[in-house]
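Report on the following structure.
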Protein chains: 2
Amino acid sequence: MDQEPLHRRIAGDIERRIASGEWRPGFRIPTEAELTAEYGCARMTVSRAMSDLAARGLVVRRRRAGTVVAHPPVHSSALVAIPDIQSEVEGRGLAYSHRLLGRIVRPASEDEEGLGGKVVELQTLHLADDLPFVFERRLISLTAAPEAEAADFTTQPPGGWLLAHMPWTEAEHRISAVGADHETAAGLGLADGAPCLRLERRTWRDGQGVTWASQIFPGAAYDLVARFSPTKG
Amino acid sequence: MDQEPLHRRIAGDIERRIASGEWRPGFRIPTEAELTAEYGCARMTVSRAMSDLAARGLVVRRRRAGTVVAHPPVHSSALVAIPDIQSEVEGRGLAYSHRLLGRIVRPASEDEEGLGGKVVELQTLHLADDLPFVFERRLISLTAAPEAEAADFTTQPPGGWLLAHMPWTEAEHRISAVGADHETAAGLGLADGAPCLRLERRTWRDGQGVTWASQIFPGAAYDLVARFSPTKG
DNA sequence: CGCGCATTAATGTCTAGACATAACACTGAG
DNA sequence: CTCAGTGTTATGTCTAGACATTAATGCGCG
């Protein structure tokens with residue numbers, strides 16, 4: 001009944017004392033030598049435990065000065081995960097489906113320069129149990145992904161196709177609230193101007209724009225939710 | 001000019017090959033024995049490099065089966081950081097200020113049970129260069145934070161006060177789009193029903209509810225934005 | 001007093017082993 | 001053919017050392 005390796009137990013002991021508030025930020029933790037004596041093990045074992053805590057940002061280590069409990073970051077620290085639509089729908093136990101509403105190939109306009117010369121423009125409606133869930137407008141760069149011109153987006157939604165075919169190296173998300181325009185409202189079955197959550201997503205691969213997507217969720221039906229604790233990455 | 005420790009160099013070499021796409025997800029990385037021979041070092045050194053990569057989620061290690069490049073997570077993987085309002089405003093080079101619009105102490109209602117018996121209810125308006133930026137409603141549990149009854153929220157906004165006085169162990173965020181109700185619209189200087197971004201935040205300390213906050217941003221004026229690359233945590 | 005230098009206490013890296021453990025692969029019995 | 005046992009392989013943990021690096025500290029000199 002060993003189960004837990006020693007270095008994990010040591011790290012856990014320390015973490016518990018930090019989480020409980022017994023050791024507040026700035027508190028200087030016992031040295032490796034002291035912990036080595038306390039646990040009766042080799043220094044490397046203690047060292048590994050402490051390095052792990054340092055890597056997770058719970059403590060700060062400095063030579064000669066010792067190891068102190070880290071001050072929690074003041075900024076950010078709070079996140080929301082943005083799910084893949086299909087996983088999200090299926091995760092709620094609903095049947096996922098989608099309909100391709102429009103598809104044209106056209107030259108990129110001026111403000112879409114990053115996507116190169118030619119793009120595919122798509123309109124897709126994502127449904128959960130046959131009810132409209134998300135209205136998506138998407139541009140895919142044919143410079144970055146020429147295969148997209150031949151891809152069949154009626155069987156696979158464009159997001160899933162891209163995930164499989166074009167890994168990205170950089171992305172930008174933008175979340176905002178908008179009133180539904182006429183086309184969106186019609187697609188989602190809402191009144192014009194109804195509040196909706198818009199998620200814009202742009203991705204690049206090595207500096208070349210790959211895709212731009214605007215996904216619009218009915219405000220009443222969908223929330224982005226995240227639950228987390230500060231110590232867990 | 002050594003600078004970089006060997007284990008870091010090894011991990012870096014591997015990471016580069018993963019990032020470049022040379023080693024795709026599922027690819028089986030050379031074994032520790034092979035890398036040990038290649039770099040002419042002890043196995044522990046290679047092991048540490050690989051453990052670090054595994055801890056960061058770039059590779060998956062299994063006994064006997066070896067180490068393979070991890071498949072990027074389908075869910076999450078995409079995040080938005082939620083900033084502290086004051087930092088956000090000041091980060092844009094604007095002057096931050098706030099006004100306490102209302103403050104009462106009352107018993108918690110039924111659906112606020114998690115907050116305990118008595119709560120402080122606050123309405124605060126956050127301003128950027130004296131223009132309305134966020135309308136915030138907040139409840140603070142007096143069970144979890146009795147000092148809140150005496151705190152002066154006209155000098156320090158409740159979010160900042162809590163950050164300093166009550167560290168949380170768990171939090172939940174919820175982002176949604178709503179139409180501005182009459183009170184909110186008045187505070188922000190919008191028309192009733194104008195689309196707004198609502199950020200709800202609940203925090204707990206050891207299972208005891210600490211606070212609930214609803215922050216409403218004018219849809220036209222504010223987006224949550226995040227830019228990132230997949231390998232960086 | 002203040003400045004520079006040597007001391008030394010702490011972490012950082014690395015080695016060459018050892019044994020433990022998980023899981024794939026094979027083999028022989030039924 | 002199937003299944004249980006067994007061997008093998010790769011990772012997981014741990015040790016007892018060694019030397020390197022950093023920076024706080026104290027000390028002596030001017």
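Residue numbers start from 1 in every chain, and the chains themselves are labelled A, B, ... in the order their sequence lines are given, proteins ahead of strands.
A:Glu4 has no carboxylate O lying under 4.0 Å from a charged side-chain N of A:Arg9, or vice versa, which leaves the two without a salt bridge. Salt-bridge annotation for A:Glu136 and A:Arg201: absent, with no side-chain N of the basic residue lying under 4.0 Å from a carboxylate O of the acidic one.
Atom CG in A:Leu35 sits about 13 Å away from atom C1' in C:dT11, given to the nearest Å. Distance A:Tyr39 OH to D:dC14 P: 12 Å, rounded to the nearest Å. Rounded to an integer number of Å, the gap from A:Asp52 CG to C:dT11 P is 15 Å. The distance between atom CD1 of B:Ile10 and atom C1' of C:dC14, rounded to the nearest whole Å, is 11 Å.
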Strictly under 4.0 angstrom, non-hydrogen atoms only: write out the protein contact profile of nucleotides 5-13 of chain D, one letter per nucleotide from the 5' end, B, S or -. --BBBBBBB
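A 6.0 Å sphere centred on CZ of A:Arg99 holds no more than 12 heavy atoms belonging to other residues, nucleotides or ligands. In this structure, A:Glu113 places its CD atom where only 12 or fewer heavy-atom neighbours from other residues, nucleotides or ligands lie under 6.0 Å away.
For the residue pair A:Thr211 / A:Arg138, a side-chain donor-acceptor distance below 3.5 Å is found, with atom types taken as modelled.
Pairing each heavy atom of A:Ile140 with each of A:Ala148, the nearest pair is CG2-CB, 3.7 Å. Pairing each heavy atom of B:Pro30 with each of B:Met50, the nearest pair is O-CE, 4.5 Å.
Each end of the helix from C:dC1-D:dG30 to C:dG30-D:dC1 gets its own rotation axis from five pairs of C1' atoms, and the angle between them is 10° to the nearest 10 degrees.
Between B:Tyr96 and B:His126, the angle of the ring planes lies from 30° to 60°, which puts this pair in the tilted group.
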